[in-house]
Structures are given as structure tokens and as C-alpha cells.
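Numbering of ligands and ligand atoms starts at 1, following listing order. No experiment lies behind these values; they were computed from the predicted model shown.
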Amino acid sequence: MSESLNTVVDQLAALAAGQTTARMLTEESLARVAATQGSLNALISAVGAEHALAAADAADQARASRQAGPLSGIPYAHKDLFCTEGVPTTCGSRYLEHFVPPYSAAIHERISQAGAVLIGKANMDEFAMGSSNEHSYFGPVRNPWDTERVPGGSSGGSAALVAARVVPFATGSDTGGSIRQPAAFCGVTGFKPSYGRVSRWGMIAYASSLDQAGVIALTVEDCARVLDVMSGFDTRDATCADRPRVDVDAALEMPLKGLRIGRPRQWFGSGIEDGVAAAVEAALAEYARRGAIIVDVDLPSSEYAIPAYYVIAPAEASSNLARFDGVRYGHRCSDPKDLNDLYRRSRAEGFGHEVQKRILTGTYALSAGYYDAYYLRAQQVRRLIANDFARVFAEVDVLAGPTSPTVAFKLGEKLSDPLALYLADINTVSVNLAGLPGLSVPCGFSEGLPVGLQLVAPSWREDLLIGAGHGYQQATEWHWAEPAAGARP
Ligand code: GLN
């Protein structure tokens, strides 16, 4: 990709001005895949040059006949949990290694209709369970800033692809931070919309009451443009809400002056690295210089967010993953003795260790006798967390703090300590428990590694995140920083 054509907005402008073609952009993207796949392992599968170039040519023809859609000719990748008709969809799992969906996810329909060109399916933690992308059956993804380090997870492939300038945007899903945390670790922008903003139809479920599709790109403006295409009512997802569209153009114009930003004390607690705290405080100071008002606030129930999340998410996962039974689709063991043997061995062989662990803990939490002690209690905590947010949003417009308490850690560093890995999500999971929209924008570096600033708004107020995030990116350059590793050809 040429230096000036890294973003969706720039590519669209160049296409409209006839300075490039969808074919040229797609060829460049394919060349970037070839140059980076060996070092990053960010894709699980590529759709193939022939297929991608045919879609690019169709986009060029549509533009020539003035039928171009809002993303016509823009190359992109899907996290590999969005079903794509005729294109393998693995969810990072051996269980679905050979699964080719007979239908497409709602967001794939929308993005294809808008004219974007699918390059491939991005690597991810198996069934979106993880924060480091080390739980993929297809091997870990590496961070383009330092290939000895993790890219974050579970949408690590999507974040690495955008950071390495392979594609200008990639889709992701966020159940407890899986868009925002990898975006932070890879120095790119990640946007998780309000629960219900984007249809989950055709997105392989992890924890249905928390899962939300979103996008990773270099800038807030790009994220907003893509989300505008992805969002909208869909009768096939009963939790998809019929809400008015966000006025993206108006949101991008929002002044920072007078914006009330809450700084939750609990997000700056113990465990936060000094370099991360310093970068985030500098970002808040930048906001203050631009006329925003910074107010300290309290979210006292946040300390219970991780335990509540790690009861609710596995409980829902244990139920969602019951459909993988070795009978209907996906992995089937060979020569089963009887039906129980078929279930047992198909699941034991098809699911990795982390997924099995979560199915077990989830099943336990839901079992008669323990339901009240664990699941019900976690749901009560969830309500307290949502109430905390509602209270502070009576005082402030948005909240700001570190997306993650640390920068990207080394591969293998936390694998033997699952609790440490779960704590990587400490600032993001409460946002999912409350169903709120959240954004991570690059805000500096600590020891050469990117730091993310998390912004959170009340439900359906994506406009505030777009305004606050874009305003910050107008004033700063962090989102343009480009990793050297990932090796440009
Ligand atoms: N890291 C969290 C988990 O493992 C969040 C994952 C996600 O958002 N999909 O559950």
C-alpha cells in the first residue's frame, strides 16, 4: 500500500478521483499478505487471488457505471467467526477446520453489498476465548511491533493485519474486550458498538448476551464509516435493536470543548504499568488542553467484573457450544462405539484445552445446586456494574482510561498462569456486562510498544465516541505510527 493510501477514507477518495482501482488496491493487499503471513500468521485462510481480484473487478465496474457502494473496492478481512458462504469459517478451532458455511453472516451481506473486497479470514483465539491469540488451533498470531509478543486477543489476527497495513480494516467481535484489547496491543483503533447495534446473525456464538461485532482500522473515522455499513436492524437476531442510524458526519464535527470526561479511579488501580499510566494521563491532559473537562469518578463494582464475567461467559459458552456434537457438522471422531462415544470423542478431539475448560466451568456454574451460588450471583453483580455506569453517566459524557493495564506481553509469558491472562481484560469486560459501546485509540508508547486509550459512552451514544476519538486523532499522531516488524517488502 502506498503511504498515503492506508486508510479506508483515503482509498475511497483515490478510487473516486480515478487515481487507483480496486484491482490495484487488492493486488497491493495480496502482496502484503504474502510479505507478512510467514512472520505474523494473521490469516487462517485466504480467499485466493483469483476470487479476490474478481470481486475487485466487479467493484471497478460498479464504479465505472456509477453504482459504487459506500465501501466499493476496499480490501478487508473478516475475523474467522463470521460465516461466509462458500468460504471456510473455522472460529480458530480444529472442530470447524473443514467447515464451509452454506450461508453468510448478516454483516458479511452488508459489507459485501457495500462493495468491499474480502481478502481472507483472520486468525483468532478458538471460539473467541482468550486475550493473546495463543489459543488458536492454527497457531499464534504475532504482534507486528515485536514478533516475540502477542497481538492481544481474541481478534488478534484482525488487529495485526491492520497494524501491518495488509488491509485498511478488519472485522472483529468483542465479548469481553476482544476488539479493544488487541487494537491497543497493536497500536490501531478498535470500535465495539452498543450491544444490539449490529446483527449477530451468522456470527458464531461465544456468550450471546455479551458478544458484539465491530471493527478494527487505523482511525476512528474509518471505524465509523465501516460501522455505519455493518449496523442496522435485523429480524434474524432477536437482540438486534431497531435504532436510528448514527449521524457519522455530525459526530465527526463534535467539538472537544466542554466535553465532560470521567476518569474512573478503579481503572488506574494496582497492576497498571507506569508507562501505560503515563501515556493515558498524557492523553487526558491533551483532552483538557482542548477544552474538555476531566472529572474523577468511581465505579465501585468494577472489582467484581472479572469474576462475574468469567462465570457468565463460560456459562453461556457451555450452552452455545452444545450444538457441536459430532453429528450435524464439523469434526467427527472415527469409528464411534455408540452415541455417547461419538459425542465424547468428537468434542474431546475437536475442542482445544481452553475451550474445554470453559465448557466445564460453565456447566458447573449452571448445574442444579450451584446455579444460585454462581450464575445468579454473577447476574446480580452484572446489574450493579450497569448501575455504576448509569450513575456516572448522569455526570459525564464519556469515560476514559487505559484499555489494558499492560502493553503486549511475550508469547508464552502468561500461558501457565490463566488468572494473569484473565486479568488482561480487567478494564474491558465491565463494558460488555453493561452492553455499552467502547473504543480504543492509540495514545502513545511504553518501552516501544503501543498503549491504547479506552473511551466508553452510554448505550446508543456511539456519536460521542466518534466525536471524542476523532477529535483526539485530529490533535495527535499516534494512530499513524507504523511497526517496522511485519516487514514491508
Ligand atoms: N479475553 C476474554 C475472554 O477470553 C474476552 C474475549 C472476547 O472478547 N471474545 O473471554
Partners meeting ring-ring contact (aromatic ring centres under 6.0 Å, His included) with Trp201 (sequence neighbours left out): Tyr103

Ion pair Glu281/Arg263, N-O distance below 4.0 Å: yes

With Asp463 via salt bridge (Lys or Arg N to Asp or Glu O under 4.0 Å) - residues at least two apart: Arg461

Arg383 CZ: over 12 foreign heavy atoms closer than 6.0 Å: no

Within the 6.0 Å centroid threshold, strictly below: Tyr206 and Phe127: no

Residues lining ligand 1 [heavy-atom distance under 4.0 Å, listed by chain and residue number]: Ala128, Met129, Gly130, Ser131, Ser154, Asp174, Thr175, Gly176, Gly177, Ser178, Tyr206, Tyr309, Tyr310, Arg358, Asp425

For a quick test of your reading: what N or O donor-acceptor pairs under 3.5 Å do the side chains of residues 365-378 make, sequence neighbours left out?
| from | atom 1 | to | atom 2 | distance (Å) |
| --- | --- | --- | --- | --- |
| Ser367 | OG | Tyr364 | O | 2.6 |
| Tyr375 | OH | Gln379 | NE2 | 2.8 |

